[in-house]
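Throughout, a chain's letter reflects where its sequence line sits, starting with A, and its residues are numbered from 1.
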Amino acid sequence: MTIRLHDTLSGELQPLEPLEPGHVRIYSCGPTVYGPAHVGNFRSFLFADLLVRYLRYRGLRVTWVMNITDIDDKIIRGARADRASIEGLANRWIERFLADASALRMTSPDVLPRATRHINEIVLLIEVLLAKGHAYRVEDGSIFFRISSWPEYGRLARLDPENLRVGERVEADEYGKDDVRDFALWKGPKADEPSWTTSLGPGRPGWHIECSAMSMRHLGESFDIHTGGVDLVFPHHEDEIAQSEAATGTRFVRTWLHCAHLRMGGEKMAKSTGNFARVADLLGAGVPARAIRYVLLAVHYRQGLDYSEATVEAATAALDRLDTAVAALDAYESDHGDDATVGGLLDGTRAAFETALDDDLNVSAGLAAIFDVVREANRRLAARSISTGDAARIAALIRDLDGVLGILPDAAEALEPDLAALIEQRRTARANREWARSDELRDELAGRGITVEDTRDGQRWRRTEAGR
RNA sequence: GGCGACGUGGUGAAGUGGCUCAACACGGAGGUCUGCAAAACCUCUACUCACCGGUUCGAAUCCGGUCGUCGCCUCCA
């Protein structure tokens, strides 16, 4: 049983063989904090989350680094517009990012390095590139990577450097490049821009170099997995490979993983076109966080995915089925003896789930395994053919597998005393066949976020999304 | 123009040569259970996998072509 992942560079599925056995090092391109992230951004973050969770579930040690770009043109522009400091603006949006990530139950990365905290590493890397002749300085103090010095350039994106359509948008500060395709490692100082005083001279880092510097700082010159959205393949990751390998002379990343775009109305979700939905706005509009997570996760990461209200509704309904099944398993009590076939059911489910996820994170097939066991459990619950312990074992399995997905409700907190009292009153009313009173109490509980269902064993309750 | 991904039912989507040639979820129809409701369970809901041609004893799955959708080609998760 090996985990296989689709590497963008080779274009093939390759078995995961960590450089250090048992320890996987992962770097994910995180947010640029000039504003709130949208759900499309979170698709790429959550697919990395899924990967990290699954590898840990499989018993591997994982070190997960996700960078935060806290200095770039947009942040500078945004700060100017808000008359805020760069740092203040970045901090504000980092907080928002962390809040969104937490709402969507993203695992906390082990390290969230910020570009502005790694200026030294960036400068050292650029110095190596200068010394090795892969970079050159121009008049305004900017330093560029010389693409012609790196024959491999274009391999990741499968682009022929000779055929790049260039020159359509050459920025003012980038005149003086030897070749328009060369990219900035260091941007020379400007009067109205932040600048660091370094051995390279004053200026600020370019975008691509920060990821090379920070990933190497926290994971080493060579590490196992680098993730991001497909739109980062070129130029961002292409440039990372060139500058990193040119500097170290060693293989930068073993496996490149890229997730497909989230679409909305058939078009790529992107801030630049205005076609996007922010996480916080959706949550504010009452879209359940778990449903957003389910939508973003339930489709294979390399498959395009369209976000719509309909997909959220379907996700909510699917989650409801899962919630109900787990609540029913928890509430089940029977003096029936253990069912000898339950062990096989559990083993089969786990095997199917793992086979699916091993295959390049085939989460759809993994979910199918879970829904299969849900149906089977419901059947046996209805037939009352299993023991209380069997039900608990099935619930425990589902919760265990959910450690990878993170879509089940949080462990049920004890019911608030007043709500518990209402449920008790309803129990009494039902015992006395006071149906009107019973229905009234059911409505009241529903209004307070508790769904009550009657079974032949009495009432069963669970929290509804609206009540969270 | 160059490069790449993809096209499976009402919807999302798994499946990449034959073991149920079509999982799983949503939606829809009918039924069982039930004070009612909800949930659950049962049955039905693609003789067919964009289209055309080919390879093969056999293809949704391989090859070629056509049509269509989306993305990347230095803002971008």
[N] [atom2] sits how many Å from [X] [atom1], rounded?
{"X": "A/His38", "N": "B/C75", "atom1": "NE2", "atom2": "C1'", "answer": "12 Å"}
{"X": "A/Met269", "N": "B/C72", "atom1": "CE", "atom2": "C1'", "answer": "19 Å"}
{"X": "A/Glu267", "N": "B/C76", "atom1": "CD", "atom2": "P", "answer": "20 Å"}
{"X": "A/Tyr301", "N": "B/A13", "atom1": "OH", "atom2": "C1'", "answer": "17 Å"}
{"X": "A/Leu156", "N": "B/G4", "atom1": "CG", "atom2": "P", "answer": "14 Å"}
{"X": "A/Lys177", "N": "B/U74", "atom1": "NZ", "atom2": "P", "answer": "11 Å"}
{"X": "A/Leu322", "N": "B/A39", "atom1": "CG", "atom2": "C1'", "answer": "14 Å"}
{"X": "A/His236", "N": "B/C73", "atom1": "NE2", "atom2": "C1'", "answer": "17 Å"}

So what does [X] touch, heavy atoms closer than 4.0 Å: a base, only the sugar-phosphate, or nothing?
{"X": "A/Leu262", "value": "base"}
{"X": "A/Lys271", "value": "nothing"}
{"X": "A/Val233", "value": "nothing"}
{"X": "A/Thr311", "value": "nothing"}
{"X": "A/Thr227", "value": "nothing"}
{"X": "A/Arg433", "value": "nothing"}
{"X": "A/Asp439", "value": "base"}
{"X": "A/Gly11", "value": "nothing"}
{"X": "A/Gly40", "value": "base"}

Pairwise distance [atom1]([X]) to [atom2]([Y]) - rounded to 0.5 angstrom:
{"X": "A/Arg204", "Y": "A/Trp186", "atom1": "CZ", "atom2": "CH2", "answer": "10.0 Å"}
{"X": "A/Tyr57", "Y": "A/Asp402", "atom1": "OH", "atom2": "CG", "answer": "11.5 Å"}
{"X": "A/Arg393", "Y": "A/Ile386", "atom1": "CZ", "atom2": "CD1", "answer": "9.0 Å"}
{"X": "A/Asp182", "Y": "A/Phe145", "atom1": "CG", "atom2": "CZ", "answer": "8.5 Å"}

field: Among A/Arg293, A/Arg43, A/Arg105, salt bridge (Lys or Arg N to Asp or Glu O under 4.0 Å) partner for A/Asp49
entry: A/Arg293
Give every donor-acceptor pair under 3.5 Å between a side-chain atom in residues 256-268 of chain A and any protein atom, sequence neighbours left out.
from: A/His258; atom 1: ND1; to: A/Thr8; atom 2: OG1; distance (Å): 2.7
from: A/His258; atom 1: NE2; to: A/His237; atom 2: ND1; distance (Å): 2.7
from: A/His261; atom 1: NE2; to: A/Asp231; atom 2: OD2; distance (Å): 3.4

- request: Report the residues that fulfil side-chain hydrogen bond (donor to acceptor under 3.5 Å, both in side chains) with A/Tyr34, sequence neighbours left out, ordered by chain and then residue number.
  value: none
Can you find a side chain N or O atom of [X] that sits less than 4.0 Å from OP1 or OP2 on [N]?
{"X": "A/Asn362", "N": "B/G15", "value": "yes"}
{"X": "A/Gln459", "N": "B/A38", "value": "no"}
{"X": "A/Lys268", "N": "B/A77", "value": "no"}

- prompt: Is there a donor-acceptor pair under 3.5 Å between the side chain of A/Asp330 and the backbone N or O of A/Ala327?
  reply: no
- line: Readout for nucleotides 22-33 of chain B: B = base within 4.0 Å of protein heavy atom, S = sugar-phosphate only, - = neither; 5' to 3' it is -BSSS-------
Considering only the [atom1] atoms, how many Å lie between [N] and [M], rounded to the nearest integer?
{"N": "B/C62", "M": "B/U56", "atom1": "C1'", "value": "9 Å"}
{"N": "B/U20", "M": "B/C36", "atom1": "C1'", "value": "40 Å"}
{"N": "B/A37", "M": "B/G31", "atom1": "P", "value": "13 Å"}
{"N": "B/C67", "M": "B/C57", "atom1": "P", "value": "32 Å"}
{"N": "B/G9", "M": "B/A23", "atom1": "P", "value": "13 Å"}

field: Residue closer to the 5' end of RNA chain B, A/Trp435 versus A/Arg379 (nearest nucleotide)
entry: A/Trp435
query: If you pin A/Ala260 and A/Val452 to their nearest nucleotides in RNA chain B, which one's is more 5'?
result: A/Val452
field: Side-chain donor/acceptor contact of A/Asp72 with base of B/C75 under 3.5 Å
entry: no
